[in-house]
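First up is the structure itself, then whatever we jot down about it.
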Amino acid sequence: MMRIQKILKAAVAGAMVTLMAASAYAAGGAAEKMTVDGDVAKLPGIVLTQKLADGLPPSIKSSGVLKVATDLTPPISFHGEDGKLIGIDADIAAALGVILGVDVEMTDVGAGAAIVPSILAKRFDISISGINDDPELEKQVDVIDYMYDATTIMTIKDNPLAIKGMEDLCGKKVAVPVGTFQAKMVEAVSAKCATPVNIMSIPKMPDVLQAVRTGRADATVNGYATSVYTTEHQTGNGKGLQALPDIRLAVGYLGMLTAKDNPQLRDSVVAALQQMVDSGAYETIMKKWSLGPLAVKTVKVNDAASMPAD
């Protein structure tokens with residue numbers, strides 16, 4: 001998962017945010033109705049829970065649809081060979097639909113930088129997209145902390161430049177997704193370098209990976225889970241890349257985002273997720289995607305400040 005840290009800086013001017021969101025959103029795909037795969041449908045706890053369904057906001061109960069924003073970061077959310085959205089978030093989103101008694105329409109918005117503006121603009125009810133929680137993010141939206149992640153470095157296969165840590169990125173070309181936590185980490189490192197990092201800001205994560213794969217960039221700083229999964233399974237544009245699993249920085253949460261003025265939805269989703277955790281369904285889904293160690297035991301909200309500040 002990318003420490004799929006798609007966080008807009010609070011200082012970004014409103015007009016720029018709107019423009020960025022509009023362009024990224026336009027580049028995304030069509031809404032896809034999520035259905036529960038057979039193996040997930042059989043899990044305990046994935047059942048209609050009327051009390052939670054009744055707690056949804058009237059607008060969602062009336063429409064019968066939960067609109068979800070996502071973007072592509074395997075194994076959190078990505079396209080399978082048949083073009084359908086799959087991954088941890090796809091499974092969780094479909095399961096939430098069963099528990100809450102609504103259809104779930106999931107849309108790839110094209111780039112992580114579009115997620116927060118899309119929630120603020122009410123284009124979507126919630127994001128399920130592995131975004132890293134952060135105190136600054138919590139000032140804009142409510143963050144439902146639903147799994148852990150960390151950050152590592154990805155290089156071309158066999159790591160020919162012998163990169164062993166963040167300090168080795170000085171003077172290198174490093175690709176990062178626009179507006180992410182990782183981008184901020186690289187900027188902080190660069191400020192301390194005798195020869196600054198040549199930072200390449202790219203909107204979409206698959207294109208970031210492609211930049212490293214083709215040699216346009218020497219490395220990327222990325223979510224630990226996404227990096228390890230992508231290289232172990234050699235998925236998509238991850239072919240030919242290598243994660244550096246001994247580097248595990250900035251352990252924190254990945255979160256779902258809801259608008260500050262939508263506590264009914266937030267609380268309903270938290271309760272539904274906790275039902276999945278308590279029943280064991282959530283952990284089974286995490287293990288299905290080889291990320292069992294990143295499972296939380298309790299679903300929390302806006303809890304970034306509790307994590308170590310490294």
Side-chain angles (χ1 to χ4, degrees), residues 1-32 34 66-79 85 87-90 92-93 96 104-147 149 151 176-184 201-208 222-223 225-226 252-262 265-266 269 273 301-302 304:
M1 318 169 288
M2 200 178 132
R3 192 172 164 138
I4 312 175
Q5 300 178 335
K6 299 157 183 164
I7 302 170
L8 292 177
K9 292 184 178 180
V12 175
M16 181 178 292
V17 170
T18 302
L19 177 61
M20 183 187 299
S23 60
Y25 180 74
E32 181 176 329
M34 306 308 296
L66 181 67
K67 296 180 180 179
V68 179
T70 193
D71 74 323
L72 305 182
T73 50
I76 308 304
S77 182
F78 61 112
H79 288 136
L85 283 170
I88 291 171
D89 284 352
I92 289 177
L96 287 175
V104 174
E105 293 182 352
M106 205 165 189
T107 302
D108 167 22
V109 299
I115 297 285
V116 173
S118 294
I119 297 297
L120 295 177
K122 306 297 177 68
R123 291 194 183 99
F124 300 97
D125 303 306
I126 189 171
S127 77
I128 307 180
S129 184
I131 293 177
N132 285 84
D133 195 358
D134 177 276
E136 290 301 314
L137 180 63
E138 293 171 4
K139 294 176 182 178
Q140 302 178 69
V141 291
D142 281 333
V143 186
I144 301 170
D145 298 315
Y146 73 115
M147 72 174 76
D149 197 17
T151 294
V176 291
V178 173
T180 63
F181 178 85
Q182 287 88 351
K184 292 194 288 186
S201 297
I202 300 175
K204 299 181 182 181
M205 191 62 213
D207 294 336
V208 170
N222 192 19
T226 295
Y253 290 114
L254 299 183
M256 303 178 184
L257 311 184
T258 60
K260 287 283 188 184
D261 61 357
N262 202 356
L265 175 59
R266 178 199 65 205
V269 170
L273 286 169
V301 177
N302 298 333

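These figures come from a predicted structure and were not determined experimentally.
- Rounded to the nearest 0.5 Å, atoms CE (M205) and CD1 (I76) are 12.0 Å apart.
- Nearest heavy atom pair, residue P117 against residue A114, reads CD-O, 3.5 Å.
- Side-chain N or O atoms of D71 include none that pairs as donor or acceptor with a backbone N or O of D108 at under 3.5 Å.
- T258 is linked by a side chain to side chain donor-acceptor pair (under 3.5 Å) to nothing, counting only residues two or more places apart in sequence or in another chain.
- The closest donor-acceptor contact from the side chain of Q140 to the backbone of V116 lies at 3.5 Å or more, if one exists at all.
- Taking the charged nitrogens against the carboxylate oxygens, K122 and D261 do have a contact shorter than 4.0 Å, which makes a salt bridge.
- Looking at T107, its side chain never comes within 3.5 Å of a backbone N or O of A69 through a donor-acceptor pair.
- A 4.5 Å side-chain heavy-atom check between K184 and D134 finds at least one atom pair inside the cut-off.
- The two residues R123 and K67 have their closest heavy-atom pair at O-CD, 4.0 Å.
- Closest approach of V143 to G255, counting heavy atoms only: CG1-CA, 3.7 Å.
- Each of D133, L254, L273 was checked for a side-chain contact (heavy atoms from CB on, under 4.5 Å) with D145, and the lone residue meeting it is D133.
- For the atom pair CG (N262) and CD1 (I126), the distance works out to 9.0 Å, reported to the nearest 0.5 Å.
- The two residues A93 and M106 have their closest heavy-atom pair at CB-SD, 4.0 Å.
- Atom CG of L66 is separated from atom CG of L265 by 6.0 Å, given to the nearest 0.5 angstrom.
- With K260 contributing its side chain and E138 its backbone, the two residues share a donor-acceptor pair below 3.5 Å.
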Given side chain to side chain contact (heavy atoms under 4.5 Å, CB included), test Q182 with V208 step by step and report yes or no. CA-CA 12 Å; Q182 287 88 351; V208 170; over 6 Å; no
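- Distance check, rounded to the nearest 0.5 Å: OG of S127 to CG of L257 gives 3.0 Å.
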Show the numbers, then the answer: is there a side chain to side chain contact (heavy atoms under 4.5 Å, CB included) between L72 and L85? CA-CA 9 Å; L72 305 182; L85 283 170; 3.8 Å; yes
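- Of all the heavy atoms in P177 and A183, the pair that sits closest is O-CB, 3.8 Å.
- The backbone N or O of V301 sits nowhere less than 3.5 Å from a side-chain atom of D142 that would complete a donor-acceptor pair.
- A donor-acceptor contact shorter than 3.5 Å links the side chain of Y146 to the backbone of G130.
- Between the CD1 atom of I119 and the CG atom of D125 there is a distance of 7.5 Å, given to the nearest 0.5 Å.
- Note that the CD atom of E105 and the CZ atom of F124 stand 9.5 Å from one another [nearest 0.5 Å].
- In plain terms, the two heavy atoms of S129 and I115 that are nearest each other are OG-CD1, 4.1 Å.
- Side-chain contact between I92 and M256 is present, with at least one heavy-atom pair separated by less than 4.5 Å.
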